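Below: one structure, written as structure tokens.
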2 protein chains.
Amino acid sequence: MGTTARKKSAKKELILATAAAMFREKGFAASSMRDLAEKIGIEAASLYNHIQSKAQILEEIIDGVSEKCQAHLDHLEKSNSSSLEKIESLIRFHTGMMMNLFEAYSVMVGQWMHLEGDKLLDFVANRREYVKKMEAIVEAGIQKGELKSLTPYVVVLNILSAVRGLEFWQRSAKTHTAKEMEDNIVIHLIGGIKK
Amino acid sequence: MGTTARKKSAKKELILATAAAMFREKGFAASSMRDLAEKIGIEAASLYNHIQSKAQILEEIIDGVSEKCQAHLDHLEKSNSSSLEKIESLIRFHTGMMMNLFEAYSVMVGQWMHLEGDKLLDFVANRREYVKKMEAIVEAGIQKGELKSLTPYVVVLNILSAVRGLEFWQRSAKTHTAKEMEDNIVIHLIGGIKK
DNA sequence: CCTACCGATCGGTAGG
DNA sequence: CCTACCGATCGGTAGG
């Protein structure tokens, strides 16, 4: 990251991370700037030395995750893997994001509707485009005879929804490891489309 | 039932239905009693002649859906269908709920965390029990050799998550019918566990 | 079902 | 990063 304008102070990162945890748990609207400040150990007014508004916190959390997803898909589209390999890569990438960026990823998929104005419109447009690109990968696999003839839109929705379902999984319970969860999602969802 | 009681009941149903639509769209915390009253065409204070509190509205919406799910599963457990038939029934029941009780079902799966006190504890306990019962059905299918040896918990999560993913589906777009969505979910998710 | 109103809390600002 | 504070809005009540 170095000296670019995108560099963020440690305090701002702390605010974003703490806010992500709070937004995920209680929802954006039910999270107050006073509660956020208290968790960090400062007064509410002091938050505004690091961020401009509550809305901006949400935007930055979501943009950070969204850009990583876009980058992965762009890279995947250029590869010459098989359709099945690409779909497995998508499943493993998204489960990995859910595991490693749990709070931020959950906020993206569950709190995006609290974005405002152009930020909301952009997110919805980007998400639709992302889904369309995933559909195209599924469609190509069907055309090549690698996959069953299913509605690509449903396959894409099932994959993204299954990943989202991991939010419900209790990591602390330790009854199932992250690897077991991920592998079983792959087997179930790849198994259901493989010809 | 007298005329007054019938009117009051109809009005309460209108409040619950209007609130469900609003809670689903904006989230529970971001929905105000004033906005709710305005959509119905009365003053905010008048709502309290029909309901006791904002929290109670959420409770009644969720309880209504939750009880229907419990009833279906209880009935299914007593049937002597095969494991695969039971799982398909679960998928089709939940997709049907999502299609026909769209607002209320979405509020249950997306707004339950705004329940308070015992209502929250009860919901979480009931949901865990529901998942355990679904897992038992999957487990029985594995034991009988009907299904692949997958982690039942993941299969259950994938099924319930796929149904939840239908919230994202734009019914108005008409590019895919309800039946196409449901059938494709069944083929994908049953296909992935069938031995 | 309304008017009038309550105390609490919200996001955010001014000024140091 | 703080104290002090703003106007707006919240869920809900009293009384008719």
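Every chain is numbered from 1, with letters handed out A, B, ... down the list of sequences. Quick note: numbers below take in every heavy atom, side chains included, and nothing from hydrogens, waters or symmetry partners. Predicted model, so just to flag it, every value in this text is computed and none were measured.
In the set C/dC1, C/dG11, D/dC10, C/dC1 carries the atom at the smallest distance from any side-chain atom of B/His50. Distances were taken from every side-chain heavy atom of B/Ala45 (C-beta onward) to each of C/dG11, D/dT13, D/dC1; the shortest belongs to D/dT13. Taking every side-chain heavy atom of A/Ile42 into account, D/dC1 is the closest of C/dG12, D/dC1, D/dT3. Considering only side-chain atoms of B/Asn49, the nucleotide from D/dG12, C/dC1, C/dG12 that sits closest is C/dC1. Considering only side-chain atoms of B/Glu43, the nucleotide from C/dG11, D/dG12, C/dC2 that sits closest is C/dC2.
Comment: B/Lys86 does not engage B/Glu77 in a salt bridge, judged by the lack of any side-chain N to carboxylate O separation of less than 4.0 angstrom.
Pair assignment for C/dG16 gives D/dC1, based on Watson-Crick or G-U wobble hydrogen-bonding distances that are each under 3.5 Å. Across every strand in view, C/dG7 sits in a pair with D/dC10 that passes the Watson-Crick or G-U test at under 3.5 angstrom.
A/Lys54 has its NZ atom 8 Å from the P atom of C/dG12, to the nearest Å. B/Glu38 has its CD atom 12 Å from the P atom of C/dC2, to the nearest Å. When rounded to the nearest whole Å, the span between NZ of B/Lys12 and P of C/dC1 equals 15 Å. Atoms CD1 (B/Ile51) and P (D/dG12) sit 7 Å apart, rounded to a whole Å. Look at CD1 on B/Ile57: it is 12 Å from C1' on D/dG12, rounded to the nearest Å. One can place CG of A/Asp35 at 6 Å from P of C/dC10, the figure rounded to the nearest angstrom. Atom P of nucleotide C/dT9 and atom NZ of A/Lys26 are separated by 12 Å, given to the nearest angstrom. The separation between B/Leu36 atom CG and D/dG11 atom P is 9 Å, rounded to whole Å.
Looking at which nucleotide of DNA chain D each of A/Ser46 and A/Arg34 is closest to, the 5′-most match is held by A/Ser46.
Under 4.0 angstrom from either OP1 or OP2 of C/dC1 there lies at least one side-chain N or O belonging to B/Lys11.
Side-chain atoms of A/Met22 and A/Ser31, non-hydrogen and from C-beta on, do get closer than 4.5 Å to each other.
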Taking only distance into account, with no hydrogens and no angle test, what donor-acceptor pairs under 3.5 Å do side-chain atoms of residues 121-131 of chain A form with protein atoms, sequence neighbours excluded?
{"unit_1": "A/Asn126", "atom_1": "ND2", "unit_2": "A/Asp122", "atom_2": "O", "d": "3.3"}
{"unit_1": "A/Tyr130", "atom_1": "OH", "unit_2": "A/His94", "atom_2": "NE2", "d": "2.8"}

Verdict with supporting geometry, B/Asp183 and B/Arg92, salt bridge (Lys or Arg N to Asp or Glu O under 4.0 Å): CA-CA 8 Å; B/Asp183 287 347; B/Arg92 291 196 187 276; 2.8 Å; yes
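In this model, a donor atom of one side chain and an acceptor atom of the other lie less than 3.5 Å apart for A/Ser89 and A/His72.
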